[in-house]
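Any value given below was found using the heavy atoms of this structure, including those in side chains, with hydrogens, waters and symmetry copies removed. Proteins come first, then strands; the chains are lettered A, B, ... in the order of their sequence lines, and each starts at number 1.
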Protein chains: 2
Amino acid sequence: MDIAPNPADNEPPRLANQLADQLAERIAMGDYLPGSRLDEVDLAERFGVSRTPVREALIQLGSTGLLTLRPRRGAVVTEVSPQRLMEMFDVMAELESMCARLAARRATRDECLALRAQHDDCVDAVQGNDPDEYYLRNERFHHAIYRLSHNSFLEEQALALSRRLRPYRRLQLRVRARVNSSFAEHAGVVDAISSGDEELAAQRIRGHVTIQGERFADLLSSLARATQG
Amino acid sequence: MDIAPNPADNEPPRLANQLADQLAERIAMGDYLPGSRLDEVDLAERFGVSRTPVREALIQLGSTGLLTLRPRRGAVVTEVSPQRLMEMFDVMAELESMCARLAARRATRDECLALRAQHDDCVDAVQGNDPDEYYLRNERFHHAIYRLSHNSFLEEQALALSRRLRPYRRLQLRVRARVNSSFAEHAGVVDAISSGDEELAAQRIRGHVTIQGERFADLLSSLARATQG
DNA sequence: ACGAAGGCTCTTGTATACAAGATTTATCAT
DNA sequence: ATGATAAATCTTGTATACAAGAGCCTTCGT
């Protein structure tokens, strides 16, 4: 009767981890804009803890690049230049491309069906014209592809960069037309993976993720609006 | 006269950072083997500091994956299974492949010459049959390719994973024949990049980095010897 | 002798205290 | 009035103190 209910690592109760998660979430939601300074005592008071776990959380987020830690000068939300943002999306495209290629090669019949089911889940959000809901299901769809690569390290790397780009993907979907084309592109990816066409799957998801031309301009403008308003 | 001598960020004097660097170095050198437990008070005494900066260093290394931090149970050097090691090298191959492709497209004539010069630097180490020296120059050669991608984010990601794999690359070069073939493969990569052949460059460096077949068996056996002896 | 239960010790997690660099403000000189 | 300089303040970096969970050892029962 005393069997551990969760053999896997269940939520470890460390304040620093919880704080890091919450801060990452708030940054993704735009509560802390790029360039914002994060004061240790302020955060400590706000969360009702001491500076120690706050510092540990800041260090964690600094390691992921979400924050920039300048010694003796505090932590600020990393400012990402348009140039660098495009670089990051290029790397994301390459990682997802690798995921799709491996998925096309390795995914079982059942896994392909499950992926298609998740793609279908996005329909409701598209038809209901609900960008936030689509954002969530879209994210799940992409994460499913990472998993289908059957390369757990690759999956983790892709997830990490995905989290890092979260604030910007969110902005990207604000562009109305993007939700529709995004959904359409997903269908092509599912087909390519299901048919085992590695190169086609890789190529399609690369085109889906890469930001260039007018789509990059769209992202920049909504980014400018978000940081001003 | 009071111009700052170094406009770029010069070494910030934070104990946690220095400790993280030193620990990473010692782990790479095999002073701490996978599975080793890192005691906070022990490290603090050994380095003559308090537990605070030690903890911060451990958290940093935990974020990179070099250490595994189990809440309330301390930090251990992450144990990497053969399966996972191959996964990591696969991702490394993909990142370097992307670097090479971009380098072939973007590198200037001068940059190509500089790369070839660095390749030539490796000759001495090969002829002198000095694996450690070759290890260093080989590393510089690869880092040069990262830089030639002209994608600074990609460069950082590749560098990070390169550091993560450092202990294992080192072992890999212990295999005598590997130094010679490695050097030969470099020449092909330089040629492909210099001639601007993206696909050839990408393909060649992928083959150079990926570990499979008997090369993987070689790595595993030297790894087993290293952890036992 | 073997196994389990309880306490004891050891280690980590968090809070607080102290040190030192960075920033800001006020004062003084030109 | 403007600029620089110096002192005061504020923030971060480090050390120490305290709390609590994890692991170990002893002891007790069968």
Side-chain angles (χ1 to χ4, degrees), chain A residues 1-23 27 32 35-79, chain B residues 1-24 27 32 35-64 66-79:
Chain A
M1 285 297 180
D2 259 325
I3 296 169
N6 216 345
D9 308 69
N10 47 356
E11 204 82 356
R14 258 199 324 195
L15 284 182
N17 291 350
Q18 299 174 229
L19 289 175
D21 289 345
Q22 286 195 43
L23 281 175
I27 291 171
Y32 296 100
S36 306
R37 214 172 143 299
L38 298 186
D39 187 84
E40 293 179 4
V41 290
D42 178 54
L43 289 173
E45 288 173 3
R46 191 184 301 274
F47 286 99
V49 298
S50 80
R51 276 178 56 216
T52 308
V54 170
R55 276 183 67 83
E56 296 187 351
L58 294 181
I59 289 171
Q60 275 187 262
L61 295 177
S63 295
T64 70
L66 201 59
L67 299 182
T68 300
L69 274 50
R70 294 168 306 174
R72 296 257 175 215
R73 304 190 59 197
V76 299
V77 179
T78 302
E79 301 198 66
Chain B
M1 285 297 180
D2 258 324
I3 295 169
N6 216 344
D9 307 68
N10 47 356
E11 204 83 357
R14 255 197 326 191
L15 284 182
N17 291 351
Q18 298 173 229
L19 289 175
D21 288 346
Q22 287 195 45
L23 282 175
I27 291 170
Y32 295 100
S36 306
R37 214 171 144 304
L38 298 185
D39 186 84
E40 293 180 4
V41 290
D42 178 54
L43 290 172
E45 287 172 5
R46 190 184 302 275
F47 287 100
V49 298
S50 79
R51 275 179 55 216
T52 309
V54 170
R55 277 184 66 82
E56 296 187 351
L58 295 181
I59 290 171
Q60 274 186 261
L61 295 176
S63 295
T64 70
L66 202 59
L67 299 183
T68 300
L69 274 51
R70 294 169 306 174
R72 296 258 176 216
R73 305 189 59 196
V76 299
V77 179
T78 302
E79 300 198 66

*Asks:* When you look at A:Q60 and A:N17, which way does the side chain to side chain contact (heavy atoms under 4.5 Å, CB included) test go after all the steps?
*Replies:* CA-CA 8 Å; A:Q60 275 187 262; A:N17 291 350; 3.1 Å; yes
*Asks:* Without decimals, in angstroms, what is the distance between A:D42 CG and D:dT11 P?
*Replies:* 9 Å
*Asks:* Quick check on side-chain contact (heavy atoms from CB on, under 4.5 Å): which of B:L61, B:L58, B:L69, B:V76 does B:L38 satisfy it with?
*Replies:* B:L58
*Asks:* Is the backbone N or O of A:V77 less than 3.5 Å from a side-chain atom of A:S36, with the two atoms forming a donor-acceptor pair by type?
*Replies:* no
*Asks:* What string of B, S and - do you get for nucleotides 5-10 of chain D 5' to 3' if you count protein non-hydrogen atoms under 4.0 Å?
*Replies:* ------
*Asks:* When you match B:T52 and A:R73 each to their closest nucleotide on DNA chain C, which lands nearer the 5' end?
*Replies:* B:T52
*Asks:* B:R73: what forms a side-chain hydrogen bond (donor to acceptor under 3.5 Å, both in side chains) with it, not counting sequence neighbours?
*Replies:* none
*Asks:* Which residue, B:E40 or A:P53, contacts DNA chain C at a nucleotide closer to its 5' end, judged by nearest heavy atom?
*Replies:* B:E40
*Asks:* Do A:I27 and A:L67 make a side-chain contact, defined as non-hydrogen atoms from C-beta onward lying under 4.5 Å apart?
*Replies:* yes
*Asks:* So, taking the atom named CG in B:L43 and the one named OH in B:Y32, what distance separates them when rounded to the nearest 0.5 Å?
*Replies:* 5.0 Å
*Asks:* Which pair of heavy atoms, one from B:L15 and one from B:P53, lies closest together, and at what distance?
*Replies:* CB-CB, 3.9 Å
*Asks:* Is there side-chain contact between B:Q22 and B:F47, with at least one heavy-atom pair below 4.5 Å?
*Replies:* yes
*Asks:* Of all nucleotides in DNA chain C with an atom under 4.0 Å from a non-hydrogen atom of chain B, which is the first and which the last going 5' to 3'?
*Replies:* C:dT11 to C:dT14
